2 protein chains.
Amino acid sequence: MRLDRRMIVDAMLGLARDEPHTRITFKRLGEALGVDATAMYRHFRNKDELTRAALDRITGWATDAGRASSGSWRQRLETHLMRTAELALEYPSIGAEGAIIDPVGPGDTSAVEFMLEMLAESGLRDAELLRAYAAISGFALSQSSALAHDVLRNPTAARDGSEPWISTFGSINLTEYPLVNEHRDALLAMDGMTVYRAGISAILDAVEMRQAAARPVA
Amino acid sequence: MRLDRRMIVDAMLGLARDEPHTRITFKRLGEALGVDATAMYRHFRNKDELTRAALDRITGWATDAGRASSGSWRQRLETHLMRTAELALEYPSIGAEGAIIDPVGPGDTSAVEFMLEMLAESGLRDAELLRAYAAISGFALSQSSALAHDVLRNPTAARDGSEPWISTFGSINLTEYPLVNEHRDALLAMDGMTVYRAGISAILDAVEMRQAAARPVA
DNA sequence: ACCTGAACACCGTTCAAGT
DNA sequence: ACCTGAACACCGTTCAAGT
């Protein structure tokens, strides 16, 4: 079998989607490719580099979805961000590494470009633009990674973001925590994607409200 | 040596602080406690349970800092959230697991209670209260975890949040990405704690602006 | 009841050997 | 030039044996 980087990344993505509750090993990857477990070292320096390459692909897909969408800058940005979380959940073992931010390829870089584009369209400039980008990108990546981690770790977890964010209060006596106790059921009913949406909405609300305040009669 | 859960958690926290760039193993933990590597299984079901217990302690400290602080609800909440990130950076191998949210002890639960308290003080109720809590808590935990992960993975990383969020664009030709290219230096200059602050500020701005709109003449 | 230590089933990674 | 496979240095975890 003659390998190249693209084939290996393809195989890794396939495994990530088909075996969502297990970490990908070189052994498993070699089996899928019909190749020895150590053959990948000819093409990637180590597993981290391979994982990042796979992540770059996923990030590129999310950006494509954003670029293909229409509507206001906010709608398009939200499409991109929702797709980011969905793909992290669909490829959990890749998405779990998503908090790693250094752009390694065209997917990562075009994602940054797209987010800056949308936020620039909202009217933000310079330092404010970068602050908004940092807030949104930081949230989207780290929270997507957390959602993916949950799927990876929990063998029965669904992959649509419907996993409860808090699944149990264990044996904790909640009478000492009146507000937790009061909202106990609502907290347990909240799923991962709801938390994700709440964060995205809050940050984008802040961006919009700031813009509305800056130009009141636009 | 006679162990108990508290001693083991103490030892784990000590190792996490003293050896910030290595994952904690049972072997290393056993050495630190003068005990066999497998002795911990008498007290914790597995490593995950132990790690969560250590995380519960850190979370408790962050909450104590919030409770001990004074000022507006926003100032107190920000104190708590900044302390959450600082502690994740101080104990990287523990903080890196921070995206795990299920409350396992008094630290976790009192943190939820404190956040709900501060947001209730801002005037939020019911569904809006929970949405704001979800956004803030989700961001703080997952982004803190990402910051800790960065320290853990990078042997030369500082632990004060001053690591660049994006450390390199590698060999990517940025001429295809005009906005990235334009803001290249500013992006590379942005550190992890700046990203964290940006997210927290944006979400809390949204909470405040919503409140200001709801009661315009308060 | 609690700690020990051998053992198991893995990992990622290196490197000399093959083709 | 690229893949193989043995080998290394680890991991978390189990379990029979000690005390």
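By convention in this document, chain letters (A, B, ...) are assigned in the order of the sequence lines, proteins followed by strands, and residues within each chain are numbered from 1. Values below: every heavy atom of this structure, side chains too, minus hydrogens, waters and symmetry copies. Quick caveat: nothing in here was measured; it's all calculated off a predicted structure.
Counting to the nearest Å, the C1' atom of D:dT13 and the CG atom of B:L50 are 14 Å from each other. At whole-Å resolution of the value, CE in A:M40 and C1' in D:dT4 are 12 Å apart. Rounding to whole angstrom units, CZ of residue B:R5 and P of C:dC3 are separated by 13 Å. Regarding B:D36, its CG atom lies at a distance of 12 Å from the C1' atom of D:dT13, rounded to whole Å. Between B:N46 atom CG and D:dT13 atom P the separation is 5 Å, expressed in whole Å. As rounded to whole Å, 15 Å separates atom P of C:dG12 from atom CD of A:E49. The CZ atom of B:F44 sits 12 Å away from the P atom of C:dC3 (whole-angstrom rounding). Between the P atom of D:dT19 and the CZ atom of B:R2 lies a distance of 16 Å, rounded to the nearest Å.
For A:H80, the NE2 atom is densely surrounded, since the number of other residues' heavy atoms within 6.0 Å is greater than 12. Heavy-atom neighbours of B:R23 CZ from other residues, nucleotides or ligands within 6.0 Å: at or below the threshold of 12.
In this pair, A:Y41 and A:F26 present their aromatic rings tilted. The plane angle is within the 30 to 60° band. Ring pair B:F139/A:F139 is parallel by interplanar angle, where below 30° counts as parallel and above 60° as perpendicular.
Considering only the side chain of B:R23, D:dC11 comes nearest among C:dG12, D:dC11, C:dC3. Of the candidate nucleotides D:dC3, C:dT13, D:dT13, D:dT13 has the atom lying nearest to any side-chain atom of B:K47. Each of C:dG12, C:dC3, D:dC3 was ranked by its minimum atom distance to the side chain of A:Y41; first place goes to C:dG12.
Within 4.0 Å (heavy atoms only), B:I24 reaches sugar-phosphate atoms of the nucleic acid but no base atom.
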- Convert the base pairs of DNA chain D into dot-bracket notation, remembering that pairs crossing earlier ones are written with [ ] and that bases paired across to another strand are shown as |; include only Watson-Crick or G-U pairs under 3.5 Å. ||.|||||...|||||.||

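Looking at A:T168 and B:D102, their side chains never bring a donor and an acceptor atom within 3.5 Å of each other. Side-chain atoms of A:E97 and A:T51 form no donor-acceptor pair, as typed in the model, at a separation below 3.5 Å.
Annotation: B:Y196 is not in aromatic contact with B:W165 [ring centroid separation under 6.0 Å not met].
Taking only distance into account, the side chain of B:T38 meets the base of C:dG5 through a donor-acceptor pair shorter than 3.5 Å.
Nearest-nucleotide positions on DNA chain C place A:T25 closer to the 5' end than the other of A:T25 and A:R45.
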